[in-house]
Colleague: 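To start, I am sharing the structure in question, which I have written as structure tokens.
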Amino acid sequence: MPITTVTSECSRALQEIADNVARSKKIVVVTGAGISTNCGIPDFRSTDGLYNLVKSQYPNAVVKGRDLFDAVLWNDPISTSLFYTFLANLRREVIAVPDTTAVHKFIRTLAETGRLLRCYTQNIDGLEEREGLVMNLSHGKGKRKRPSPITTDDTRTDQEKGCQVVQLHGDLRSLRCTNCQLLTEYTASSVDLLMKGEAPVCEACEAASMGRQAAGKRATKVGFLRPNIVLYGEEHPAADQVGAIAEADIKAAPDMMIILGTSLKVHGLKIIVRQFAKAVHAKGGKVIFVNNTPPSDSVWEGVIDEYVEMDCDKWVADVRNRRQGIWEKQTKLS
């Protein structure tokens, strides 16, 4: 079946989509950079974007903006330094964001009402955490809340909730050692070094090596701390955990998938979307794609059912206008 295009003028189709959201009990949400631009995170690919501002510090860098998240940058010391400086600046911009977007709050609402099976995001900004959503992969699939109106009596721990938002490309919360893979938090000194294009030394590796030397043994390799994000061409360091959660979600028989703010060009994401679409269709559900630019019919025909040609936040506002009940809270009677 060809993909059906739904514009802001297609009231009946938009009503049907809103009704599907309200009826669904196991929704998979897939998100990309388009859901975060409305909260002020700069578009680093634009002429006056963050990338070009940082690149001015490295006039001899050969890496292009589109290759900034490609593992090829490790082959060139100048490109590597530019990458470190860029990520440190991006992290600063994310921290300064005053509030999340309507989409982030919508995902939280889906979780609170028990409609969210899982959110898979390409974004590294971690803004979903501000909405109280759990993003720790070590918590696994968790125990899903049964569909119900929003109440204040969800007493589940983070471990019981599981990882509600899976970050497919890593995060800006931590640094990862290139040697021992230990995750550490950012510090003022590590941020200063990254801003200068330098990688901090892993203190754990350094202490272990010094300990061996003090005991008369040969020194061991000392790693450096890099941002804990996954570049194109790299495998996710927690690939087994991501795979286990995705496998469990497919087996859970999701009944709807909503894709928001992504061009769906990354190979790994394409695979995940196709797997979930197959599961959703087997359940009789719909796959909805919300973005300002359309998906390719030749690639996504038979996978995506409806393309909503709208800004992501405006679409959420439209759903809320049509099905306010999704957001309504219910006071538990004593």
Side-chain angles (χ1 to χ4, degrees), residues 26 28-33 35-36 67-75 80 83-84 87 90-91 107 116-129 133-144 158-159 161-186 199 202 204-205 221 223-254 257 259-280 303:
K26 296 179 182 179
V28 171
V29 177
V30 177
T31 64
I35 74 163
S36 292
D67 298 325
L68 193 60
F69 290 98
D70 194 301
V72 69
L73 64 83
W74 298 125
N75 298 331
T80 301
F83 169 71
Y84 289 146
L87 261 293
L90 178 61
R91 180 175 176 273
I107 298 169
L116 182 71
L117 179 57
R118 197 87 52 198
C119 174
Y120 292 84
T121 184
Q122 294 177 278
N123 299 338
I124 60 176
D125 52 49
L127 292 176
E128 296 87 353
E129 199 165 38
L133 294 165
V134 181
M135 306 183 73
N136 190 331
L137 277 172
S138 67
H139 293 336
K141 66 176 183 178
K143 183 179 180 182
R144 205 171 61 88
D158 283 357
Q159 287 79 6
K161 291 177 182 177
C163 181
Q164 296 170 305
V165 180
V166 175
Q167 289 182 285
L168 298 171
H169 295 167
D171 61 75
L172 289 173
R173 296 189 303 275
S174 52
L175 297 166
R176 185 173 80 246
C177 176
T178 57
N179 179 49
C180 70
Q181 302 302 311
L182 181 71
L183 293 177
T184 60
E185 294 184 356
Y186 281 82
C202 174
C205 282
K221 182 179 179 180
F224 292 92
L225 300 179
R226 54 165 284 183
N228 185 39
I229 69 167
V230 184
L231 302 178
Y232 303 136
E234 293 182 328
E235 184 178 10
H236 198 298
D240 290 344
Q241 291 174 311
V242 173
I245 293 173
E247 184 178 353
D249 288 346
I250 291 171
K251 289 180 179 178
M257 177 161 61
I259 306 166
L260 298 137
T262 173
S263 59
L264 293 177
K265 291 182 178 179
V266 178
H267 178 67
L269 183 68
K270 288 181 179 180
I271 294 174
I272 289 176
V273 167
R274 287 183 181 277
Q275 289 175 334
F276 277 118
K278 184 177 180 180
V280 168
V303 179

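Here the structure is a predicted model, which is why all the values come from computation and not from measurement.
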Colleague: Provide the closest heavy-atom pair for Asn123 versus Ser36 in the form atom of the first, atom of the second, distance.
Modeller: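 The answer is ND2-OG, 3.7 Å.
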Colleague: Can you tell me if Lys26 uses its side chain to pair, donor with acceptor, with the backbone of Ala252 under 3.5 Å?
Modeller: yes
Colleague: Please report the interatomic distance OG(Ser138) to CD(Gln241), rounded to the nearest 0.5 Å.
Modeller: 6.5 Å
Colleague: Where do Leu137 and Ala238 come nearest, in terms of heavy atoms and distance?
Modeller: CD1-CB, 3.8 Å
Colleague: Under 4.5 Å between any side-chain heavy atoms of Val30 and Phe276, yes or no?
Modeller: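 Result no, sub-4.5 Å side-chain heavy-atom pair not found.
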Colleague: Any chance you could measure Leu168, atom CG, to Thr31, atom OG1, to the nearest 0.5 Å?
Modeller: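 If we round to the nearest 0.5 Å, Leu168:CG and Thr31:OG1 are 8.5 Å apart.
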Colleague: Which is it for Tyr120 and Ile245 under the side chain to side chain contact (heavy atoms under 4.5 Å, CB included) test, yes or no, and what are the steps along the way?
Modeller: CA-CA 10 Å; Tyr120 292 84; Ile245 293 173; 3.6 Å; yes
Colleague: If the test is side chain to side chain donor-acceptor pair (under 3.5 Å), which one of Arg173, Glu129, His236 qualifies with Gln167?
Modeller: Arg173
Colleague: Kindly give the heavy-atom pair with the smallest separation between Pro254 and Asp249, and that separation in Å.
Modeller: CD-O, 3.3 Å
Colleague: Looking at every heavy atom in both Ile124 and Phe69, which two are closest together, and how far apart are they?
Modeller: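 Residues Ile124 and Phe69, closest heavy atoms: CD1-CE2, 4.3 Å.
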Colleague: Mind checking whether Asn136 and Asp158 have side chains closer than 4.5 Å, heavy atoms only?
Modeller: no
Colleague: If I take atom CG from residue Leu260 and atom CD1 from residue Ile35, how far apart are they, to the nearest 0.5 angstrom?
Modeller: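 One gets 7.0 Å once the value is rounded to the nearest 0.5 Å.
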Colleague: I need the Thr178 OG1 to Phe224 CZ distance, nearest 0.5 Å.
Modeller: 7.0 Å
Colleague: Working to the nearest 0.5 Å, report the span between CD of Gln181 and CG of Asn228.
Modeller: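 Rounded to the nearest 0.5 Å, the CD-CG separation comes to 9.0 Å.
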Colleague: Considering all heavy atoms of both residues, which atom of Gly223 and which atom of Cys177 are nearest to each other, and what is their separation?
Modeller: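 Heavy atoms only, the tightest pair is CA-SG, 3.8 Å.
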Colleague: For Lys221, does the NZ atom sit with more than 12 other heavy atoms under 6.0 Å from it, leaving out its own atoms?
Modeller: no
Colleague: What I'd like to find out is whether the side chain of Met257 reaches to under 4.5 Å of the side chain of Val273, using heavy atoms alone.
Modeller: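 In short, these two side chains touch, coming nearer than 4.5 Å.
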Colleague: Fit a plane to each ring of Trp74 and Tyr84, take the angle between them on a 0 to 90° scale, and name the class: parallel (under 30°), tilted (30 to 60°) or perpendicular (over 60°).
Modeller: tilted
Colleague: Is any side-chain heavy atom of Phe83 closer than 4.5 Å to a side-chain heavy atom of Ile229?
Modeller: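 Counting from C-beta outward, Phe83 and Ile229 do come under 4.5 Å.
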Colleague: To the nearest 0.5 angstrom, please state how far the CD atom of Gln164 sits from the CE atom of Met135.
Modeller: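 Here the interatomic distance stands at 10.0 Å.
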Colleague: Quick one: closest heavy-atom pair of Leu225 and Ala199, and the distance?
Modeller: O-CB, 3.7 Å
Colleague: For the residue pair Glu128 and Val29, establish whether any side-chain heavy-atom pair is separated by less than 4.5 Å.
Modeller: no
